Each structure stands twice: as structure tokens, then as C-alpha cells.
Undergrad: 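Pasting in a structure now, in C-alpha cells, and then I'll have a few things to ask.
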There are 2 protein chains.
Amino acid sequence: MSQHGRLRGPGGEALLFLTDEQLKKGIEAMFFAYRGFTADPDRILENYAYGRAHHRALHFIHRSPGTTVNNLLSILGVTKQSLNRVLRTLIEDGLVESRVGRRDKRERHLHLTPKGVALEKDLSEAQRNRMRAAFRSAGPEAVSGFRQVLEAMMDAEMRRQYNSLKDAGS
Amino acid sequence: MSQHGRLRGPGGEALLFLTDEQLKKGIEAMFFAYRGFTADPDRILENYAYGRAHHRALHFIHRSPGTTVNNLLSILGVTKQSLNRVLRTLIEDGLVESRVGRRDKRERHLHLTPKGVALEKDLSEAQRNRMRAAFRSAGPEAVSGFRQVLEAMMDAEMRRQYNSLKDAGS
DNA sequence: ATTTTATGTCAGCCTTGTTGACTTTCCAAG
DNA sequence: CTTGGAAAGTCAACAAGGCTGACATAAAAT
């Protein structure tokens, strides 16, 4: 049985019967799944003086090496003071390198050091393992639907940033 | 083009080619989508002295009226001290009622007052609107895949709790 | 009668978010 | 060349919401 009734609207478009119960299950799925999503990296981070904020910084610096602080700021959606605190400890601890921009010397371009790469790899491997297992168990069509729904759930600005990250899978 | 190659393994099971890039996009989709997921309720909560923690409590009390503190604790995955702080303000403000158990007088059974129901409705409607729009734009097959992947991403214990919440959509 | 369970509470700590104020550096326009 | 403004960094203070540990009370279970 499908969970969704289907109808044709006046314009011929597909309509869905979405009960509040179905929407609630979607909401709760997001809640519980996000917990699982962060659980493995969180466990690793307990062994360091780092938290989720550090993980996010490492992830996006690794993803876009040489990104500026301002760019990272808009991706992470926090204040520069918040990010700076995290960044400072990562730089002090030798996980992140901050290089003064060549063209614009006000800008700082961020790179992971080998030590930073190592921790990022540890964290992201744990997270990818879970994601991989989930993708495998759900199957390719489910994965496609998963990404479609998540993308539609983002704010326009986030979707823009999400899409601007390179995607070797397309 | 499908993002996923397919093969048959030795046992005939479907295999997926999942590149690290595809997994990263999944990880980033979760990150950005969760921001969208919480954005609307967060905006509403700014007008109150409440935060996301209060929203979660209201949600699950509304979902399972009469639930005990212990049960809520295990659903939310926080300490009783954390939950108590939230619960105390909600009770003081007259959004939640705590009734001593009839069979077991040690237990407190939690219910929303009309005032609590009103705020919960406000918050959940905002969240459901976004979820509904995302479900509509992605289509029924995508919604099914979305839930399959999220469910597979949960820890076993969370999945148990997720499934034990009633689902009128099945 | 004793132990265990469910709940509540106090105190203190940490991470990670916030705002506001201020400085330094440096590009670019007048 | 000077000045305005953008980019970045820093300091201080604060809040939400996690955490631990210790302790209290009532009631159920043994």
C-alpha cells in the first residue's frame, strides 16, 4: 500500500494526500535520524577538546580548501565571533592553516594541515560509513528521493550554497 | 542518468557504487536541510523565552499525552536535569500539566494545557508547512525514499522509539 | 525493613551560540 | 594622498542547553 493517495489537480499536476500524521512522521524521522547522523563523529570528538562546531569547520575547509573566513561564515550560518573561537583553537593546535590572501591581503585563506586532514578523515569516515550503510540498505531510488526531499526542505540561500559545492556524482 | 551504478554481488544482491563524493553530498544535504527544518519554529520561539528544547518537549508530550518523565527522557536523549529545567518553565508558565500517576504515584504523567496545545500547534504548523511543501515538490516516491534512508540512519534504539510512535499513514 | 525506582533540585561546568564595541589592515574611490 | 568602508580579529559579557555529581523524597518492589 502506498502511503500517499494521488489525484490530478485542475492543471493536471500530481496531488498528494498528506495527512498531518504523515508529516509528523517525517518530522520525527528528521529528529531521530539527525541524532544518528551526528552520533559517530560526536563519539570521536569526545577524545579531543573539540565539539561539533570544530567538525563542521574541518569539513567545509576540507571540502573547499583555501576558502575565506567570510565564505565559511555564510556556509555555517554563525557569527564571526563564534567561528573565530573555533578557528583559533584549530589554528593554535596546528590543524588549520590561515594564509593571508595574495590578491586581497585582508582575506585569510583556510587550509587543513596534515594533522587536520587526519582528524577530518577520521570524523568523516565514521559519518560516511553510517551514510553508506543507510544508502545501501535503502537502495538507489530511495537515495534519490532522500536527496530530493532534503533539497526541497532547505532555504533558498542554503540550497544555493549546497549546489555550489562540487558534486562528482552527477 | 542515475547517480548510482548497479551490479549483482556474489549472492545476487543489488550493489551500489557509492563514491565518497555522493556520500558527502548526502552529509551536506542533512546539514543544510536540518537548518531549514528548524528555521521556522526557531523564528516563532524568538518571541517567547523558549528554545528548541521546549519545542521538542511540547512536540512529544502532544504526540504521546500522559507520557511519563522517564519516557520523555529516553525519547529526547538528554539528562533529567536538562529536561527538568525545560519542563519546569513549561509547567510554571501553564503550558504543561504534570499529573501524579494513579497506579504508580511516583510517576508524573505529562499533558499539554490548552495554552500548550496552542503553542505546539503554532510551532508544528510552521514545521509541517515546510515539510508538506518539500514532500509535494519531491513527489510520493521521493517521500518514501526519504523516510527509508532516514530510518536506516537511526541507531537501533532510536528506530525502535520512532516506530513505536503511532503512524496513521500505514 | 531494606533496596530500588521515579522524580525533583541545587550547584557548577562546558560548548556554542549571541550582541556590542573596538582595532588593525588594506583596497579603492574621491 | 586621504579617507571611507570592507575584511578580519579580539575582548567582554551573556544565554541556552547540554553535562556531572550530590542529595532529597516518595512510593514501589523485594
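Predicted model only: the values in this text are computed from it and were never measured. Throughout, protein chains are lettered first and strands after them, A, B, ... in sequence-line order, and every chain is numbered starting at 1. These numbers come from the heavy atoms of this one structure, side chains and all, not from hydrogens, waters or symmetry mates.
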Undergrad: Between protein and nucleic acid, restricted to nucleotides 7-12 of chain C and to nitrogen or oxygen atoms under 3.5 Å apart, what atom pairs and distances do you find?
TA:
{"residue": "C:dT7", "atom": "OP1", "partner": "B:V69", "partner atom": "N", "Å": "3.3"}
{"residue": "C:dT7", "atom": "OP2", "partner": "B:N70", "partner atom": "N", "Å": "2.7"}
{"residue": "C:dT7", "atom": "OP2", "partner": "B:N70", "partner atom": "OD1", "Å": "3.2"}
{"residue": "C:dT7", "atom": "OP2", "partner": "B:N70", "partner atom": "ND2", "Å": "3.4"}
{"residue": "C:dT7", "atom": "O4", "partner": "B:K80", "partner atom": "NZ", "Å": "3.0"}
{"residue": "C:dG8", "atom": "N7", "partner": "B:K80", "partner atom": "NZ", "Å": "3.1"}
{"residue": "C:dG8", "atom": "O6", "partner": "B:K80", "partner atom": "NZ", "Å": "2.1"}
{"residue": "C:dT9", "atom": "OP2", "partner": "B:N84", "partner atom": "OD1", "Å": "3.1"}

Undergrad: Rounded at 0.5 Å granularity, tell me how far CZ in A:R56 sits from CG in A:L72.
TA: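 Between A:R56 CZ and A:L72 CG, I get 11.0 Å after rounding to 0.5 Å.
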
Undergrad: List in chain and number order the residues that pass ring pair (Phe, Tyr, Trp, His ring centres under 6.0 Å) with A:Y162, two or more places apart in sequence or in another chain; answer none if no residue qualifies.
TA: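 Residues passing ring pair (Phe, Tyr, Trp, His ring centres under 6.0 Å) with A:Y162: none at all.
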
Undergrad: Just jot down the side chain to side chain contact (heavy atoms under 4.5 Å, CB included) partners of B:E107, sequence neighbours excluded, or say none.
TA: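 Side chain to side chain contact (heavy atoms under 4.5 Å, CB included) check on B:E107 returns B:T68, B:D104, B:H109.
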
Undergrad: Tell me every residue that passes salt bridge (charged side-chain N to carboxylate O under 4.0 Å, His left out) with B:E28, counting only those two or more places apart in sequence or in another chain.
TA: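 Checked B:E28 against salt bridge (charged side-chain N to carboxylate O under 4.0 Å, His left out); matches are A:R63.
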
Undergrad: So, using salt bridge (charged side-chain N to carboxylate O under 4.0 Å, His left out) as the criterion, who are the partners of A:R99 when residues are at least two apart?
TA: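 Residues passing salt bridge (charged side-chain N to carboxylate O under 4.0 Å, His left out) with A:R99: A:E97.
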
Undergrad: Using a cut-off of less than 4.0 Å, is there contact between a side-chain N or O of A:T79 and OP1 or OP2 of C:dT18?
TA: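 For A:T79, the contact criterion (side-chain N or O under 4.0 Å from OP1 or OP2 of C:dT18) is met.
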
Undergrad: Taking the nucleotide of DNA chain C with the nearest heavy atom to each, does A:V86 or A:R103 sit closer to the 5' end?
TA: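 This one resolves to A:V86.
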
Undergrad: According to side-chain hydrogen bond (donor to acceptor under 3.5 Å, both in side chains), who are the partners of B:R52, at least two apart in sequence or on a separate chain?
TA: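 Applying side-chain hydrogen bond (donor to acceptor under 3.5 Å, both in side chains) to B:R52 gives B:T38, B:D42.
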
Undergrad: Considering only heavy atoms of chain B and a distance under 4.0 Å, specify the first and last nucleotide of DNA chain D in 5' to 3' order that meet this criterion.
TA: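 From 5' to 3', the first and last contacting nucleotides are D:dG17 to D:dA28.
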
Undergrad: Roughly how many Å is it from CG in B:L83 to P in C:dA6, rounded to a whole number?
TA: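 For the pair B:L83 CG and C:dA6 P, the rounded distance is 15 Å.
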
Undergrad: Return each pair, listed once, that meets salt bridge (Lys or Arg N to Asp or Glu O under 4.0 Å) where at least one residue sits in residues 68-81 of chain A; pairs must be two or more places apart or across chains.
TA: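 Listed by first then second residue: nothing to list.
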
Undergrad: Can you list everything that forms a salt bridge (charged side-chain N to carboxylate O under 4.0 Å, His left out) with B:D20? Sequence neighbours excluded, please.
TA: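 Listed in chain order: A:R128, A:R132.
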
Undergrad: Under the salt bridge (charged side-chain N to carboxylate O under 4.0 Å, His left out) rule, collect the residues that match up with B:R88, sequence neighbours excluded.
TA: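 Applying salt bridge (charged side-chain N to carboxylate O under 4.0 Å, His left out) to B:R88 gives none.
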
Undergrad: With DNA chain C as reference, determine whether A:K105 or A:S82 sits nearer its 5' end, using the nearest nucleotide of each.
TA: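 With A:K105 and A:S82 compared, the 5'-side residue is A:S82.
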
Undergrad: Who are the side-chain hydrogen bond (donor to acceptor under 3.5 Å, both in side chains) partners of A:R130, not counting sequence neighbours?
TA: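 Partners of A:R130 under the side-chain hydrogen bond (donor to acceptor under 3.5 Å, both in side chains) test: A:D40, B:D155.
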
Undergrad: Enumerate the residues from residues 44-62 of chain B whose closest heavy atom to DNA chain C is under 4.0 Å, giving them by residue number; use none for an empty result.
TA: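 Under 4.0 Å from DNA chain C: no residue of residues 44-62 of chain B.
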
